[in-house]
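Quick caveat, the model's predicted, so the values are computed rather than measured. Position 1 is the first residue of the sequence; numbering continues from there. Ligands are counted one by one from 1 in listed order, and the atoms in each one are counted from 1 as well.
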Amino acid sequence: MILILKKGVKDEEIEALIEKIKEVGLIPHISKGEEKVIIGLIGDARAKDRNYWLNFPQVEDAIRILKPFKLASREFKKENTIINVNSVKIGDKGIVFMAGPCAVEGREMVFKIAEIVKNYGAKILRGGVFKPRTSPYSFRGLGKEGIKYLREVKETFNLPIITEVMSESQIELLNDTVDIIQIGARNMQNFSLLEEVGKLNKPILLKRGMSATIEEFLLAAEYILSNGNHNVILCERGIRTFETYTRNTLDISAIPVLKSITHLPIVVDPSHATGDRNLVIPVSLASIAAGADGILVEVHIEPEKALSDGYQSLYPEQFKELVEKSKLVSNSIGRYVE
Ligand code: PEP
Ligand code: MN
């Protein structure tokens, strides 16, 4: 159920209503829009019916949200959510580039890549230190040593950092250094991890599971939102299909579908979606044209020597070309590259 409050309701009146909501065992989630205040009621909605809420003088209307996801839905919040990461806005008109290596492999390489991607237009640096690898024998990231490099590189280049956490225990290690926490495709339904990051006051980039439906994706986001963290960025990174020419199949239509049913920003990862650096530029341009708010892309100075995902990592010059071409596409749809 969502409660739409009357225009001009005072803060004390909202507080009083919140107390009433808690008294009947529901959890209130407040969304203050430009015009109206909306309160989402999470819990057993049968606790009280629509008429019960309409009796409160603060309430203009009470609407039952029929979709299984509630706080993520456009019914709960009409306006796009804009997430501010050190003054970089994700979900606004600007398209944000988050670029860097698949994994932090060493200090020197991450410094070189950070400098290059920043010069070419990236606003956020990506780089994994805990890598979810299919084989336990593959390079699985530098762990704590990598976090040290991320901290140094962030301070040197004044670039916010996005990196993945795979378990609850890693959150504490990374929390001070990292600006956006990434939940990888393989952990999209790790519900206890989602609940933990839901308790943080930090943006979370949630990747779509490789076999997740859009509804399952949004229900995973709901785990984070319902724990109080409203800073969720969705990331479409391709899903498994019968097609083998690409590593995954980018679900391009998921972008406009998500835009219509959720207020959360949507970023596309063309690297994992295609698995091939030669496909990254066209697929990114298509994603921007379809409404993506940002691109999360792998870039390496020596992709052939990369310890993970080299084949899909862009050469620096390709990243430059990607940003330049993205400007043209963005401008043609009334947007711009941040
Ligand atoms: C990654 O971003 O490096 C990654 C492992 O992505 P995904 O979870 O989408 O496979
Ligand atoms: Mn990767």
Side-chain angles (χ1 to χ4, degrees), residues 96-105 109-110 113 117 122 124-136 138-143 146-147 150 160-167 170 174 178-190 193-194 197 203-212 214 216-217 220-221 224 232-241 246-251 254-255 258 266-277 279-280 283-284 287 292 294-315 318-319:
V96 176
F97 277 88
M98 310 179 185
C102 176
V104 175
E105 299 168 2
M109 69 80 83
V110 78
I113 297 174
V117 296
I124 294 170
L125 179 70
R126 66 147 290 152
V129 292
F130 298 111
K131 296 302 303 175
R133 301 304 302 277
T134 302
S135 162
S138 302
F139 173 65
R140 291 162 67 193
L142 292 181
I147 301 173
L150 283 180
I161 303 282
I162 175 169
T163 199
E164 176 166 357
V165 300
M166 296 196 299
S167 67
Q170 291 167 0
L174 282 162
V178 165
D179 300 280
I180 305 177
I181 287 181
Q182 176 174 323
I183 301 294
R186 291 155 190 82
N187 271 317
M188 189 204 83
Q189 284 188 317
N190 182 340
L193 180 60
L194 298 178
V197 297
I204 309 297
L205 179 133
L206 176 67
K207 287 194 152 193
R208 181 177 180 182
M210 50 188 92
S211 60
I214 290 173
E216 287 162 345
F217 189 18
I224 304 172
V232 177
I233 304 160
L234 301 171
C235 178
E236 163 60 43
R237 46 77 74 203
I239 48 174
R240 282 249 167 115
T241 67
T246 48
R247 181 174 175 180
N248 289 290
T249 298
L250 178 74
D251 185 2
I255 305 164
L258 285 165
I266 298 141
V267 159
V268 167
D269 172 349
S271 310
H272 294 86
T274 62
D276 180 347
R277 76 174 71 88
L279 303 176
V280 163
V283 157
S284 301
S287 302
I295 300 289
L296 174 71
V297 62
E298 291 181 339
V299 180
H300 200 288
I301 28 170
E302 287 179 300
E304 43 295 301
K305 290 193 187 152
L307 298 179
S308 61
D309 289 347
Y311 195 69
Q312 67 193 32
S313 299
L314 295 181
Y315 289 101
Q318 285 179 306
F319 179 62

Search all heavy atoms of [X] against all heavy atoms of [Y] and return the closest pair with its distance.
X      : Y      : value
Gly209 : Met188 : N-SD, 3.1 Å
Ser308 : Arg133 : CB-NH1, 3.2 Å
Leu206 : Ala221 : CD2-N, 3.5 Å
Arg186 : Pro132 : CD-CB, 4.0 Å
Cys235 : Leu296 : SG-CD2, 4.3 Å

*May I have the angle between Cys102 SG and His272 NE2 with its vertex at the Mn ion (ligand 2), rounded to 10°?*
170°
*Identity and separation of the nearest protein heavy atom to atom 4 (C) of ligand 1*: His272 NE2, 3.4 Å
*Provide, to 0.1 Å, the distance between atom 3 (O) of ligand 1 and the closest protein heavy atom, together with that atom's residue and name.*
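Looking only at protein heavy atoms, the one closest to atom 3 (O) of ligand 1 is Lys131 NZ, 2.8 Å.
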Check each atom of ligand 1 against the heavy atoms of [X] and keep those under 4.0 Å away; list them by number with element.
X      : value
Glu298 : 3 (O)
Gly184 : 8 (O)
Lys207 : 1 (C), 2 (O), 4 (C), 6 (O), 7 (P), 8 (O), 9 (O)
Arg126 : 1 (C), 2 (O), 3 (O)

Flag [X] as yes when one of its N or O atoms lies below 3.5 Å from any N or O atom of ligand 1, and as no otherwise.
X      : value
Asp309 : no
Asp269 : no
Ala185 : yes
Arg237 : yes

*Side chains of His272 and Asp309: donor-acceptor distance under 3.5 Å anywhere?*
yes
*asked:* Pairing donors with acceptors under 3.5 angstrom, does anything connect the side chains of Glu304 and Tyr315?
replied: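 Yes.
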_Atom name of the N, O or S atom in Asp309 that lies nearest to the Mn ion (ligand 2)_ = OD2
*Taking the N/O/S atoms of Glu298 one by one, which is nearest to the Mn ion (ligand 2)?*
OE2
_Side chain, backbone, both or neither: Met210 near ligand 1, heavy atoms under 4.0 Å_ = neither
*Exam field: side chain Arg126 to backbone Pro101, donor-acceptor pair closer than 3.5 Å*: yes
*Are any side-chain N or O atoms of Gln170 and backbone N or O atoms of Phe130, one a donor and one an acceptor, separated by less than 3.5 Å?*
no
_Proximity flag Gln182 to ligand 1, non-hydrogen atoms under 4.0 Å_ = yes
*Side chain proximity check, Leu174 to Ile147, heavy atoms < 4.5 angstrom*: yes
